[in-house]
K.L.:
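Just passing along the structure, written as structure tokens.
Convention: sequence-line order gives letters A, B, ...; per-chain numbering from 1.
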Protein chains: 2
Amino acid sequence: MAVSVRLPDSIRARLPYLLSRAYQRQLVLFAEHTRELDVSGREYAVMLLLEAHERLWQSQIAEALGLDRTTVTYLVDAMEKRGLAARQRDPADRRAHVIALTAAGTALLAELAPAVRAARDELLAPLSEPEQEQLRDLLIRLNQEPV
Amino acid sequence: MAVSVRLPDSIRARLPYLLSRAYQRQLVLFAEHTRELDVSGREYAVMLLLEAHERLWQSQIAEALGLDRTTVTYLVDAMEKRGLAARQRDPADRRAHVIALTAAGTALLAELAPAVRAARDELLAPLSEPEQEQLRDLLIRLNQEPV
DNA sequence: TATTGTTATACTCTATAACTATA
DNA sequence: TATAGTTATAGAGTATAACAATA
């Protein structure tokens, strides 16, 4: 193999590069720490959403998480097949499916918590506690949509 | 449509969510600001790399940017077809292709600079200048691989 | 006529493996 | 035997459109 090439500062110090690196690393760490529980980041997001709201239409899940309706159909298919979520027709509007976590889903969510914490801690390890807080605050403000 | 659902803090304040939001937003802003120049983020990265190093093997590009060899082949194919980069056999090792920016490639890189700056400024607009520096520093430290 | 959810299709990215030419 | 690059293929993920049921 030829001599390795140093990544120039014109890339290394760029925000897009830094963000994509941090994001990729987060994906890898989440996957590593939750491997034996076999849950995608998206499924985890759905579970957190259902933990907070308990009963939601698929369309509400799609809107809240910024997903396509069809994507949610596939997601819920998989979660239902694994017994993590249950689908019911909404008697009040028979077009809609109401989704809720099952007991198994709630249990898995509890199992996931320490793994997710460990992944986050590993990601943030290079920073001190106050710096971690600072980073979170800055990212929250960065993501604030202009009103 | 049913009532909109508020994204719970269990998601909204999570680092993975914040990172992915910031990353997605960055992708959108780059695409918007460079639309008429028709360059992918990856092509831009290759151009910055070639600006810093001038002549590189495809394998060196792949290694520096963390891409697959095949991906680089396709990338360089496209850039060569547009006249942005030139491929030459390396006389010193005839297995290898040496890639360099053409004059058109250098010119496009110059055209891209203000668009990229505008995208970055829009992304960072919610933060003050010192905060922007702080964010960059924290992300650099976050991405430091343990030695 | 619009909305909810499903299904089929296609399209982009990515990963893998097989191949050539050179070393 | 290993490396540089190419090509073909398959897979995941995503987007689009057409459709049935219901409002």
K.L.:
By nearest atom, which of the nucleotides dA23(C), dT6(C), dT6(D) is closest to the Gln58(A) side chain?
P.N.:
dT6(C)

K.L.:
Gln60(B) CD to dA4(D) P: how many Å, rounded?
P.N.:
9 Å

K.L.:
Tell me the interatomic distance from Leu27(A), atom CG, to dA12(D), atom P, rounded to whole angstroms.
P.N.:
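Whole-Å distance recorded here is 18 Å.
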
K.L.:
Taking 4.0 Å as the cut-off, does a side-chain nitrogen or oxygen of Arg42(A) come that near to OP1 or OP2 on dA12(D)?
P.N.:
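Checking Arg42(A) against dA12(D): no side-chain N or O falls below 4.0 Å of OP1 or OP2.
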
K.L.:
Quiz question: by atom type and distance under 3.5 Å, do the side chains of Arg14(B) and Tyr44(A) form a donor-acceptor pair?
P.N.:
yes

K.L.:
Expressed in angstrom and rounded to an integer, what is the separation of Arg94(A) atom CZ from dA23(D) atom C1'?
P.N.:
12 Å

K.L.:
I want to confirm an ordering. Mapping Tyr74(A) and Val98(A) to their closest nucleotides on DNA chain C, which one lands closer to the 5' end?
P.N.:
Val98(A)

K.L.:
At less than 4.0 Å, is any side-chain N or O atom of Arg87(A) found next to OP1 or OP2 of dT6(C)? Yes or no.
P.N.:
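So the side chain of Arg87(A) is within the cut-off, an N or O lying under 4.0 Å from OP1 or OP2 of dT6(C).
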
K.L.:
Round to a whole Å and report the spacing from CG of Asp93(B) to P of dA21(C).
P.N.:
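Result: 16 Å.
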
K.L.:
Would you kindly give the CD-to-C1' distance between Glu80(B) and dT6(D), to the nearest whole Å?
P.N.:
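In whole Å, dT6(D) C1' lies 13 Å from Glu80(B) CD.
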
K.L.:
Which of the following nucleotides, dT7(D), dT14(D), dG5(C), is nearest to the side chain of His97(A)?
P.N.:
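Taking heavy atoms from C-beta onward, the closest nucleotide is dG5(C).
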
K.L.:
OP1 or OP2 of dC19(D) less than 4.0 angstrom from a side-chain nitrogen or oxygen of Arg95(A), does that happen here?
P.N.:
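Arg95(A) to dC19(D) OP1/OP2: no side-chain N or O under 4.0 Å.
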
K.L.:
What's the separation between atom OG1 in Thr106(A) and atom CE in Met47(A), rounded to the nearest 0.5 Å?
P.N.:
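It is 7.5 Å, given to the nearest 0.5 Å.
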
K.L.:
Thr71(B) side chain N/O closer than 4.0 Å to the phosphate oxygens (OP1, OP2) of dT14(C)?
P.N.:
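Negative; the distance criterion is not met.
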
K.L.:
Below the 4.0 Å mark, does dG5(C) have OP1 or OP2 next to a side-chain nitrogen or oxygen of Thr73(A)?
P.N.:
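Result: no.
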
K.L.:
Using atom CG of Leu67(B) as one end and atom C1' of dA4(D) as the other, report the distance to the nearest whole Å.
P.N.:
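Spelled out: CG on Leu67(B) to C1' on dA4(D) is 16 Å.
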
K.L.:
Using whole Å, what does the distance between atom C1' of nucleotide dT22(D) and atom CG of Asp90(A) come to?
P.N.:
12 Å

K.L.:
Counting only side-chain nitrogens and oxygens, does Ser59(B) get under 4.0 Å of the OP1 or OP2 atom of dG5(D)?
P.N.:
yes

K.L.:
Could you state whether Leu84(B) and Leu37(B) fall into the same hydrophobic cluster, counting links through intermediate Ile, Leu, Val, Met, Phe, Trp or Tyr residues with side-chain heavy atoms under 4.5 angstrom apart?
P.N.:
yes

K.L.:
Would you mind reading off the distance between Leu75(B) atom CG and dT12(C) atom P, rounded to a whole angstrom?
P.N.:
15 Å

K.L.:
Are any side-chain N or O atoms of His53(B) and backbone N or O atoms of Arg6(A), one a donor and one an acceptor, separated by less than 3.5 Å?
P.N.:
yes

K.L.:
Between Asp68(A) and Asp77(B), which is nearer to the 5' end of DNA chain D once each is assigned its nearest nucleotide?
P.N.:
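With Asp77(B) and Asp68(A) compared, the 5'-side residue is Asp77(B).
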
K.L.:
Return yes if a side-chain donor-acceptor contact under 3.5 Å exists between Gln58(A) and Arg87(A), otherwise no.
P.N.:
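Per modelled atom types, Gln58(A) and Arg87(A) side chains form a pair under 3.5 Å.
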
K.L.:
Taking for each residue the nucleotide of DNA chain D bearing the nearest heavy atom, is the 5' side occupied by Arg69(B) or by Thr70(A)?
P.N.:
Arg69(B)

